[in-house]
There are 2 protein chains.
Amino acid sequence: MRAAYTEKIADLSFSLATMCRQADAAMASATQALLQADLAIAEKVISDHDELDAMRASCEEKAFALLALQAPVAGDLRSVVSGIQAVNDLDRMGRLALHVAKITRRRHPKQALPEEVKAYFAEMGRVAAHLAKGAAEVLENHDAEQALQLLDEDDAMDDLHRHLFSVLMDREWKHGVAAAVDVTLLGRYYERFADHSVEVARKVIYLVTGKIPEDAV
Amino acid sequence: MRAAYTEKIADLSFSLATMCRQADAAMASATQALLQADLAIAEKVISDHDELDAMRASCEEKAFALLALQAPVAGDLRSVVSGIQAVNDLDRMGRLALHVAKITRRRHPKQALPEEVKAYFAEMGRVAAHLAKGAAEVLENHDAEQALQLLDEDDAMDDLHRHLFSVLMDREWKHGVAAAVDVTLLGRYYERFADHSVEVARKVIYLVTGKIPEDAV
């Protein structure tokens, strides 16, 4: 009974990690589409989004079944509850990738990004991928030390986001208001994607230690 | 035993509704601060935010204790799981009100909003309050019919948000890029606040019926 339970918890963790990798892949493709104004890639991110919805439903069912079939205690219960919470972050990560792809599609065949800010988004995409990959790993290995490291690595995204805003606010900005609106929203999407990756790491710390990290919120 | 359980579920629902009303009050004050460039009100929203954090922790503890102490079944289990999910939406609602207050503070003594778009934000604030109040009610009364109605009422926010963007994108926009960036972010905050209120309603429908509404995501 106990062994079966442990196995089901491991299966839930694996499903969450898989969903996280899918969200990571969606954001990586969305970033590529954005930087290259590539409609085909953007369309693929949009049509593939259904898979993430299915993964979400499957993770929720697994967590619910664990609670309903066997009453878990202590650490097991934390695993299931943090799993239920993490699935929400993963869902948002997938949706943010979708938003990026939709802006690319809306502006096509024009570029959504002025050349001047492309390097920022290339770097934000790189940081987002790094954080999402880390989140997927800790979802699977439940390594609280590694999860704790991810909390700090979000700072790189915050710095990029702040710099991006200073470029936008600069009087030298020559690309008009419409481009500024797109860049503002896109910047926010990447920042939120990173925040959710970090939230996932925080939930892993909670599930391992029973404590929510201090600088949590 | 059973009666005690029902009572604890009702207590959780009541705590969630209280947290929802607090988030509603925070957004109402943040809107007032924004429209009047009132620093004192903005500061109060910011300092009061700690209360929402405490409410979140308390709701999560209650839900966790319900799962740990007594193994709930079927409807009870759905109540607790949807409560755990809803608390995340309520937390986000509070944070979005906080973001609105912080933009007001950052721009003070200047107005963050050009006169031209104030009416949009007054109306978005009104719709946000309506949705949040509805969410608080259904959290308490578990009325699936009323919750279902809220799902449609979100359309008003989407319309406002779309119109706001058409004002921003208009060549007649005379307020520069910095104001456009603020207005873009503020519009997004109100839209997300409404989305989370609707998500709460959706979770109530799930807890009552066991089904996630069709146009769910």
Side-chain angles (χ1 to χ4, degrees), chain A residues 49-50 52-53 56-57 60 63-74 76-78 80-89 91-92 94-95 99 164-165 167-189 192 195 199 206 210 212 216-217, chain B residues 49-50 52-53 56-57 60 63-74 76-78 80-89 91-92 94-95 99 164-165 167-189 192 195 199 206 210 212 216-217:
Chain A
H49 185 75
D50 286 351
L52 274 162
D53 282 340
R56 178 196 179 132
E60 284 181 341
F64 202 84
L66 272 163
L67 291 174
L69 294 180
Q70 294 138 315
V73 287
D76 288 350
L77 185 55
R78 285 204 307 271
V80 182
V81 170
S82 58
I84 289 170
Q85 293 174 324
V87 79
N88 179 67
D89 291 300
D91 181 71
R92 288 301 310 160
R95 255 165 235 283
H99 290 341
L164 181 65
F165 273 75
V167 174
L168 274 174
M169 297 296 194
D170 197 306
R171 283 164 191 282
E172 302 288 304
W173 179 263
K174 293 179 182 68
H175 313 285
V177 167
V181 168
D182 279 348
V183 169
T184 301
L185 287 175
L186 287 163
R188 172 96 184 141
Y189 298 153
R192 292 296 302 145
D195 281 349
E199 271 304 314
Y206 166 72
I212 297 166
V217 224
Chain B
H49 185 75
D50 287 351
L52 273 162
D53 281 339
R56 178 197 178 131
E60 283 181 341
F64 202 84
L66 271 163
L67 290 174
L69 295 181
Q70 294 137 314
V73 288
D76 288 350
L77 185 56
R78 285 204 306 271
V80 182
V81 170
S82 58
I84 289 170
Q85 293 174 324
V87 78
N88 180 66
D89 291 299
D91 181 71
R92 288 302 308 161
R95 256 164 232 284
H99 290 340
L164 181 66
F165 273 75
V167 174
L168 274 174
M169 297 297 195
D170 196 306
R171 284 165 191 281
E172 302 289 302
W173 179 263
K174 292 178 183 69
H175 314 284
V177 167
V181 168
D182 279 348
V183 168
T184 301
L185 287 175
L186 287 163
R188 172 98 183 138
Y189 298 154
R192 291 296 301 145
D195 281 348
E199 272 303 314
Y206 167 71
I212 298 167
V217 228

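Lettering of chains follows the sequences in order, A, B, ..., and the numbering in each one begins at 1.
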**Request:** Output all residues satisfying side-chain hydrogen bond (donor to acceptor under 3.5 Å, both in side chains) with Gln85(A), sequence neighbours left out; order by chain, then residue number.
**Result:** Glu60(B)

**Prompt:** Would you call Arg192(A) and Asp89(A) a salt bridge, using N to O less than 4.0 angstrom?
**Reply:** no

**Message:** Is Arg171(B) in contact with chain A via its backbone, its side chain, both, or neither, using a 4.5 Å heavy-atom distance?
**Reply:** neither

**Shortest non-hydrogen contact from Val167(A) toward Trp173(A)** = O-CE3, 3.9 Å

**Asked** Contact part of Phe64(B) toward chain A, heavy-atom cut-off under 4.5 Å: side chain, backbone, both or neither?
**Response** both

**Item:** Largest heavy-atom contact set with chain A, pairs under 4.5 Å, which of Ala178(B), Ala180(B), Ala57(B)
**Value:** Ala178(B)

**Request:** For His99(A), check side-chain hydrogen bond (donor to acceptor under 3.5 Å, both in side chains) against everything at least two apart and list the hits.
**Result:** none

